[in-house]
Amino acid sequence: RTGGRRTINVGQTYATLERLTKQGLVEPAGRTDDGLPLHRLTAAGVQSAEAWLRGADAAGADPWDETLDRVLVACSLPGWDVATTIDDERHRWAIRRDAAAALAGPAAPPGPESGAGDDALPDDGAEAGLARLAASAELARATAMLTWLQTAAEADGLALEPRSERPRRGRRPTVTGPEVQASADA
């Protein structure tokens with residue numbers, strides 16, 4: 001659902017499901033025909049997923065990564081209001097852009113191409129010049145995200161229906177009974 005941006009460590013899947021079950025976000029939902037466990041979101045899990053899709057970033061997560069993943073996943077979900085997710089993200093990134101623009105000031109500090117050296121930093125010191133330069137990087141990042149969000153808003157037909165086939169790899173249930181003896185005899 002992330003267009004190949006993220007990969008899943010298959011070995012971590014069941015540990016993650018167990019952690020989510022302990023948190024009350026996922027619950028067992030029976031087994032497949034060949035005995036593999038099925039899971040579904042609980043009511044709290046649905047609320048948590050919807051909160052994330054509406055803009056609640058994970059603790060300590062980078063806003064850039066959260067926005068990319070959130071919009072890609074939202075685009076892939078049948079029936080989800082993608083336009084609202086994108087509009088919410090546009091609003092958040094516009095705030096970041098405006099804050100960065102205010103900190104960056106009217107222009108970046110003079111660089112080597114202007115004929116000025118390091119001593120050409122404003123009287124308020126190198127720290128202030130570095131802060132403006134960092135803010136100009138955040139301004140560029142926010143502007144880039146707003147451009148990408150426009151591209152995402154124009155995308156259509158990206159929803160993926162859930163698949164019924166299971167991955168080739170995964171934890172297999174322990175076989176007990178006559179099958180075990182037959183396999184040991186072979």
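Because the structure is a prediction, the values reported are computed rather than measured.
Take E154 and apply the side-chain hydrogen bond (donor to acceptor under 3.5 Å, both in side chains) test, not counting sequence neighbours, and it matches Q150. Here L38 pairs with A29, T32 under the side-chain contact (heavy atoms from CB on, under 4.5 Å) rule; sequence neighbours left out. Take T67 and apply the side-chain hydrogen bond (donor to acceptor under 3.5 Å, both in side chains) test, not counting sequence neighbours, and it matches E89, W93. Remark: D62 pairs with R141 by the salt bridge (Lys or Arg N to Asp or Glu O under 4.0 Å) rule, at least two apart or across chains. Residues passing the side-chain hydrogen bond (donor to acceptor under 3.5 Å, both in side chains) test with T84, sequence neighbours excluded: D81. Take D33 and apply the side-chain hydrogen bond (donor to acceptor under 3.5 Å, both in side chains) test, not counting sequence neighbours, and it matches no residue. By the side-chain contact (heavy atoms from CB on, under 4.5 Å) test, L158 pairs with C75, A155, sequence neighbours left out. Residues satisfying the side-chain contact (heavy atoms from CB on, under 4.5 Å) test with A58, not counting sequence neighbours, are A61, E66.
The number of heavy-atom neighbours closer than 6.0 Å to CG of L160, taken from other residues, nucleotides and ligands shown, is above 12.
Linking Ile, Leu, Val, Met, Phe, Trp and Tyr residues whenever their side-chain heavy atoms come within less than 4.5 Å leaves L25 and L53 in two separate clusters. Hydrophobic clustering, with ILVMFWY side chains joined whenever heavy atoms are under 4.5 angstrom apart, groups L17 together with V46. By the rule that hydrophobic residues join a cluster once side-chain heavy atoms approach within less than 4.5 Å of another member, L41 and V73 end up as members of separate clusters. Grouping the Ile, Leu, Val, Met, Phe, Trp and Tyr side chains by contacts below 4.5 angstrom, directly or via other members, places V26 with Y14. L72 is connected to W64 through a chain of hydrophobic side-chain contacts under 4.5 Å among Ile, Leu, Val, Met, Phe, Trp and Tyr, so both are in one cluster.
Here the closest heavy-atom approach between residue L133 and residue S136 is recorded as O-OG, 2.6 Å. Of all non-hydrogen atoms in G35 and R31, the two that sit nearest each other are O-NH1, 2.6 Å. A101 and L139 get closest at one heavy-atom pair: CB-CD1, 4.0 Å. The minimum heavy-atom distance linking A104 with A135 is given by the pair N-CB, 3.6 Å. Of all heavy-atom pairs spanning A74 and V82, the tightest one is O-CG2, 3.2 Å.
Residues R96 and P63 meet the side-chain proximity criterion, which asks for heavy atoms closer than 4.5 Å.
Judged by distance alone, the side chain of R70 and the main-chain N or O of W52 form a donor-acceptor pair under 3.5 Å. A donor-acceptor contact shorter than 3.5 Å links the side chain of R1 to the backbone of S76.
A salt bridge (charged side-chain N to carboxylate O under 4.0 Å, His left out) check over residues 4-13, counting only residues at least two apart or in different chains, returns the pairs R5-D65, R5-D69, R6-D69. Residue pairs that meet the side chain to side chain donor-acceptor pair (under 3.5 Å) test with at least one member in residues 40-51, sequence neighbours left out, are E27-R40.
Note that NE2 of H91 and CG of L149 are 13.0 Å apart. Values are rounded to the nearest 0.5 Å. Atoms CD and CD, from E18 and Q12 in turn, are 9.5 Å apart once rounded to the nearest 0.5 Å.
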**Message:** Run the side chain to side chain contact (heavy atoms under 4.5 Å, CB included) test on D87 and R90 for me, step by step, so that the C-alpha distance in whole Å, both residues' side-chain angles and the decisive distance to 0.1 Å come before the verdict.
**Reply:** CA-CA 5 Å; D87 287 346; R90 280 180 173 152; 3.3 Å; yes

